[in-house]
Structure formats: structure tokens, C-alpha cells
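If you're wondering where the values come from, they're calculated on a predicted model, not measured in any experiment.
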Amino acid sequence: MRIKTGDTVIVISGKDKGATGKVLRAYPKENRVIVEGVNVQTKHQKQTRTAQAEIRHIEGPIDASNVMLYDTKAKKPVKIGFEGTGKDKVRVNRKTGSKID
């Protein structure tokens, strides 16, 4: 998976198309990511002895194929490539060739 936790991404398809946000969590085995402010779901929390009942709004996971890395300098989504092998492997912007990490 080319997207990592902490990356700024833009949603390229689905109900939140065009939204940008930071990746909060990445699940490589399921190929899904949780993006800040995207796919917000409503959860009803029951009352307990210590906490009041509430309606919580949390972000749900979306498929990693529906997001692209967002280049803040160019203000455009970019494709990600890899250079090097083994421990020297780094992510690069395919268009400009600049290193991402």
C-alpha cells in the first residue's frame, strides 16, 4: 500500500469526492485507510454508570484505491512511485521525481 499514516490525501471517488484530510490510520492487510473528516458515521453510545448517553460522530474506513496523495505545494493529487531496493527504498512523486519521505 502506497499511503501511510500521517499523509495528506484527497478523495478521488465516492460521496466525499474532493475532500482532503490527514490519514489517521492505515490498514494494509485490508487495503483501507481512515481519513480525518471523511466517511463520518453516527454512533449511538448507551448510557453507563460513569458516562452519559451521546451521539458520536467518527470517521469510518474507506478503500485506499479511493484516495491519492495530495501535494500541498502543487495543490494537486500525485501518483506515488518507489526508488531503491531493500532498506534504501523510498517513495517518490512520479511527476517531479522528488522524495516524499
Participant: Do Val11 and Leu24 share a hydrophobic cluster (ILVMFWY, side-chain heavy atoms under 4.5 Å, transitive)?
Facilitator: no
Participant: Taking all non-hydrogen atoms of both residues, which atom of Ser13 and which atom of Asn66 are closest, and how far apart?
Facilitator: OG-OD1, 2.9 Å
Participant: As a test of understanding, state which of Asn39, Ile62, Asp63 forms a side chain to side chain contact (heavy atoms under 4.5 Å, CB included) with Val33.
Facilitator: Ile62
Participant: Looking at Glu83, I want to see if its CD is surrounded by more than 12 non-hydrogen atoms of other residues, nucleotides or ligands under 6.0 Å.
Facilitator: no
Participant: Could you tell me which non-hydrogen atom of Pro77 sits nearest to which non-hydrogen atom of Ile10, and how far apart they are?
Facilitator: CB-CG2, 3.6 Å
Participant: Supply the atom-to-atom distance Asp71 CG to Ser98 OG, rounded to the nearest 0.5 angstrom.
Facilitator: 6.5 Å
Participant: Nearest 0.5 Å, please: how far is OG1 in Thr5 from CD1 in Ile34?
Facilitator: 9.5 Å
Participant: Could you please spell out the steps behind the side chain to side chain contact (heavy atoms under 4.5 Å, CB included) verdict for Val23 and Ile3?
Facilitator: CA-CA 8 Å; Val23 175; Ile3 305 295; 3.7 Å; yes
Participant: Regarding Asp7 and Arg2, does a basic nitrogen lie under 4.0 Å from an acidic carboxylate oxygen?
Facilitator: no
Participant: Please test Leu69 against Thr8 for side chain to side chain contact (heavy atoms under 4.5 Å, CB included), starting from the C-alpha separation and ending with a verdict.
Facilitator: CA-CA 6 Å; Leu69 189 71; Thr8 302; 5.8 Å; no
Participant: How many angstroms lie between CD in Glu36 and OG1 in Thr20, if you round to the nearest 0.5 Å?
Facilitator: 9.5 Å
Participant: At their closest point, which heavy atom of Ala64 faces which heavy atom of Met1, and how far apart are they?
Facilitator: CB-SD, 3.8 Å
Participant: Backbone N or O of Gly37 within a donor-acceptor pair of the Glu59 side chain at under 3.5 Å?
Facilitator: yes
Participant: Look at the side chain of Lys17 and the backbone N and O of Gly14, then say whether any donor-acceptor pair between them is shorter than 3.5 Å.
Facilitator: no
Participant: State, with a plain yes or no, whether a side-chain heavy atom of Tyr70 is found less than 4.5 Å away from one of Met68.
Facilitator: no
Participant: Kindly give the heavy-atom pair with the smallest separation between Val35 and Val67, and that separation in Å.
Facilitator: CG2-CG1, 4.4 Å
Participant: If two hydrophobic side chains count as joined below 4.5 Å and joins carry through other members, does Val78 share a cluster with Val9?
Facilitator: yes
Participant: What are the two closest heavy atoms between Val40 and His57, and how far apart are they?
Facilitator: CG1-CB, 3.8 Å
Participant: What distance do Lys89 atom NZ and Lys87 atom NZ have between them, rounded to the nearest 0.5 Å?
Facilitator: 14.5 Å
Participant: With side chains defined as the heavy atoms from C-beta onward, is the minimum distance between Val90 and Ile100 less than 4.5 Å?
Facilitator: no
Participant: Could you grab the distance from atom CZ of Arg91 to atom CG of Asn93, nearest 0.5 Å is fine?
Facilitator: 11.0 Å
Participant: How far apart are the closest heavy atoms of Gln52 and Gln47, and which atoms are they?
Facilitator: OE1-NE2, 3.3 Å
Participant: So does Ile55 have more than 12 non-hydrogen atoms from other groups sitting under 6.0 Å from CD1?
Facilitator: no
